[in-house]
Amino acid sequence: MIHVALLGYGTVGSGVAEIIEKNCKELSERCSDEVEVKYILDLRDFPGDPNENKVVHDISIIENDPEIDIAVEAMGGIGKAYEFTKALLSRSVSVCTSNKAVVAEYGVELLKIAKENHCSYLFEASVGGGIPILRPLKDCLGAERIEGITGILNGTTNYMLTKMDEEGCEYDAVLKEAQAKGYAEQNPEADVCGHDACRKIAILSSLAMGKTVNYKNVHTEGITNIGKNDFEYAKKLNCSIKLLGLSRDIDGKCLAIVAPFMVSKDSPLYGVRGVFNGIMVKGNMVGDTLFYGQGAGKLATASAIVSDIVECANNKGKTIECPWKDEDVEFVPDEKKKFEYFIRVKREDLNKISECIGVKDTVSIDSLNDEIGVVSEKVSEVKFYEMKNRFEGSIVNFVRFL
Ligand code: HSE
């Protein structure tokens, strides 16, 4: 019997229990043993729940039970989640999690503790929910130098941007709707300001580059400035606007950014709509690969966690290696980070802006006759921000091109 402890019995934790129960036959075949939830750690009780008698409120019960092989950290937050994960790994209990905040902040340390204690720290569910991405990245793409990752990594904002694109809604209205449907939190900051996508691209890039890509150093912009008019321009440019997490390996240095991007109809990411996620990974031999699916939700996320449980069960007493060294990656300096920009400028200032930053094309919207949209040449972030600061009052909005 493989005994599992669930830390947290919210949406994801209860999803894990559900999959372990419903797919018990498949799991016992794949693990060559039965998998059973022995404990559920939560502050709450769950009267009437089929697992109510497994609920405990004290982590030491789990820590001190030698039968526990694997724990699922589905508590959310950082403090206790990190503390309990560390304590369990130190006792040779493997931990599987969807908690990207803990992985992005402490992943490399927890991997080291797992290795020292002959167990594993796995976090397939922390990026892309149910999409298989981390294991394919480290195993199936193991022959590759990963040149770039470009992902729609946040379902909430992709839902909002898709609505704005397809139905011409304004940001505030679409946010309210996303909250009413339970996609966006009452405090939506983590999603709409890009923090969630930032942690996910940091985790992906750390695995791809083999060194820590510190999420704190990833330039992050959210979607709060994106409005209906930006989509009018995007349509004229045969694009949609998507919040992307993007990273590139440029001669061993990392270029990483989270921001809204103009995504052309030619890109496979253009068709990733609603709450879905899509992640393109480019290897130097295989070329482009695309991973697509539900990036959030109870059973999708829980499915990725249970796949990690299967991995741990089949590697008892061993550490599943992760190519993420305890060494900080070097970032590409801003002078070398180059993008083409779409910039909405006051019409009367077009000439002085064109003189400062090369303009390839312009686009107009009839109802917005005091401004004009320009497509810039490829320029560095330094040059762009110099221009932006110089002509602050002339710039209505901007979005980079993918
Ligand atoms: N808030 C996240 C999203 C949940 O919308 O994608 C999954 O990490």
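When a ligand or atom number is given, it counts from 1 through the structure's own listing order. All figures in this text were calculated on a predicted structure; none of them were measured in a lab.
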Item checked: Contact residues of ligand 1 (heavy atom under 4.0 Å), by chain and number -> K100, N154, G155, T156, D191, D196, K200, G295, A296
Item checked: side-chain contact (heavy atoms from CB on, under 4.5 Å) partners of C193, counting only residues at least two apart -> E189, H195
Notebook entry, point to check: Considering the options K336, K388, R400, which one meets the salt bridge (charged side-chain N to carboxylate O under 4.0 Å, His left out) requirement together with E381?
Noted result: R400
Next item on the list: Using the side chain to side chain contact (heavy atoms under 4.5 Å, CB included) rule, pick out the option among V218, V258, L255 that qualifies with L246.
Entry: L255
Next item on the list: For the pair E34 and E36, evaluate side chain to side chain contact (heavy atoms under 4.5 Å, CB included) and give the outcome as yes or no after the intermediate values.
Entry: CA-CA 6 Å; E34 270 175 59; E36 189 195 67; over 6 Å; no
Next item on the list: Give me the ring orientation class for F276 and Y292: parallel if the planes are under 30° apart, tilted from 30 to 60°, perpendicular past 60°.
Entry: parallel
Next item on the list: Look at the aromatic rings of Y341 and F384 and report parallel, tilted or perpendicular, splitting at 30° and 60°.
Entry: parallel
